[in-house]
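To start, the structure itself, in structure tokens.
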Amino acid sequence: MTIENFEQHVELQQLQKGLTFYSKGSVHHLEEKQPGMWQATIAGSEVYRVNITLKEKEITEVSCTCPHQASHCKHVVGVLYAIKGKSGKVNFIELVNSIPEAELRQFVIAHGSNYEGFKNILLAHFASHPLPGKDSL
């Protein structure tokens, strides 16, 4: 199993939960301590420590301090997504520029409604911009 294909080897429920952790920004302090040896903390019902070892791109060892018995718990999966995201496969600016405007607006509205921090950053940055069709004072 590799960092590129782990989704094909992990149960769907674990993938969904791990992706949610990653998407919500619950993976913290992700660091490659030595080449191929990754460590992170992930905030779930408690804060758990995850260690992942990669040789080349092969996942050779994983561990999590949670009590779950699965070899690839949702916390490990969340960190795998974070490592995959750091791999530089996708250029962030190119990705944003490639998203259709309507889809990007839907994404911003959905995440602004669900994540207070995201909404506050957006409001702080854009609140002084006049709204279309409104007369400025």
Side-chain angles (χ1 to χ4, degrees):
M1 177 169 66
T2 68
I3 195 70
E4 282 95 12
N5 71 9
F6 71 87
E7 292 100 335
Q8 298 169 17
H9 300 276
V10 177
E11 292 178 29
L12 180 60
Q13 185 177 13
Q14 300 299 68
L15 286 175
Q16 291 170 333
K17 290 178 179 182
L19 183 57
T20 298
F21 276 117
Y22 173 63
S23 299
K24 286 185 174 182
S26 299
V27 177
H28 303 283
H29 312 293
L30 178 63
E31 185 178 353
E32 191 173 18
K33 295 287 191 176
Q34 295 178 17
M37 298 180 74
W38 293 86
Q39 186 177 77
T41 56
I42 188 161
S45 55
E46 296 181 27
V47 176
Y48 301 107
R49 174 168 287 139
V50 173
N51 292 296
I52 297 174
T53 304
L54 304 173
K55 286 190 180 172
E56 301 295 313
K57 295 181 181 190
E58 188 78 23
I59 301 166
T60 60
E61 192 175 331
V62 298
S63 67
C64 180
T65 58
C66 79
H68 193 63
Q69 298 301 312
S71 60
H72 295 90
C73 68
K74 59 190 175 187
H75 309 110
V76 166
V77 173
V79 175
L80 287 171
Y81 276 116
I83 293 169
K84 191 173 184 177
K86 280 183 133 327
S87 71
K89 290 180 109 177
V90 176
N91 180 292
F92 177 74
I93 294 170
E94 289 175 7
L95 175 65
V96 170
N97 287 330
S98 73
I99 300 170
E101 186 176 325
E103 190 176 338
L104 187 57
R105 286 183 187 279
Q106 287 177 328
F107 178 86
V108 169
I109 290 167
H111 282 75
S113 299
N114 293 322
Y115 304 109
E116 197 70 25
F118 180 76
K119 180 174 81 177
N120 290 340
I121 290 168
L122 202 68
L123 286 170
H125 186 81
F126 292 104
S128 63
H129 289 68
L131 297 174
K134 301 285 182 184
D135 293 330
S136 354
L137 298 176

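Owing to the predicted nature of the structure, the values given are computational and were not obtained by experimental measurement. Atom set for the values below is all heavy atoms of this structure, side chains included, hydrogens, waters and symmetry mates excluded.
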Stepwise side-chain contact (heavy atoms from CB on, under 4.5 Å) test for I3 and I52 = CA-CA 10 Å; I3 195 70; I52 297 174; over 6 Å; no

inquiry  = Determine whether F118 and V108 satisfy the following criterion, side-chain contact (heavy atoms from CB on, under 4.5 Å), listing intermediate values before the conclusion.
reply    = CA-CA 9 Å; F118 180 76; V108 169; 4.1 Å; yes

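Among residues two or more places apart in sequence or in another chain, the side-chain contact (heavy atoms from CB on, under 4.5 Å) test is passed with T65 by Y48, R49. Looking at residues two or more places apart in sequence or on another chain, you find a side-chain hydrogen bond (donor to acceptor under 3.5 Å, both in side chains) between N5 and T2.
Once rounded to the nearest 0.5 Å, the distance linking CG of L15 with NZ of K74 reads 13.5 Å. Put simply, CD on Q14 and NE2 on H75 are 9.0 Å apart, with the number rounded to the nearest 0.5 Å.
F21 and Y115 fall into different hydrophobic clusters, defined by Ile, Leu, Val, Met, Phe, Trp and Tyr side-chain heavy atoms under 4.5 Å apart, directly or through other members. No continuous path of ILVMFWY side-chain contacts below 4.5 Å connects L12 to L80, so the two sit in separate hydrophobic clusters.
Within 6.0 Å of the CD atom in E32, the count of heavy atoms belonging to other residues, nucleotides or ligands exceeds 12.
The salt bridge (charged side-chain N to carboxylate O under 4.0 Å, His left out) contacts involving residues 6-20 comprise E7-K84, where partners must be two or more places apart or lie in separate chains.
Between G78 and V27, the closest heavy-atom pair is O-CG2, 3.7 Å. Considering every non-hydrogen atom in both S63 and V76, the closest pair reads O-CG2, 4.1 Å.
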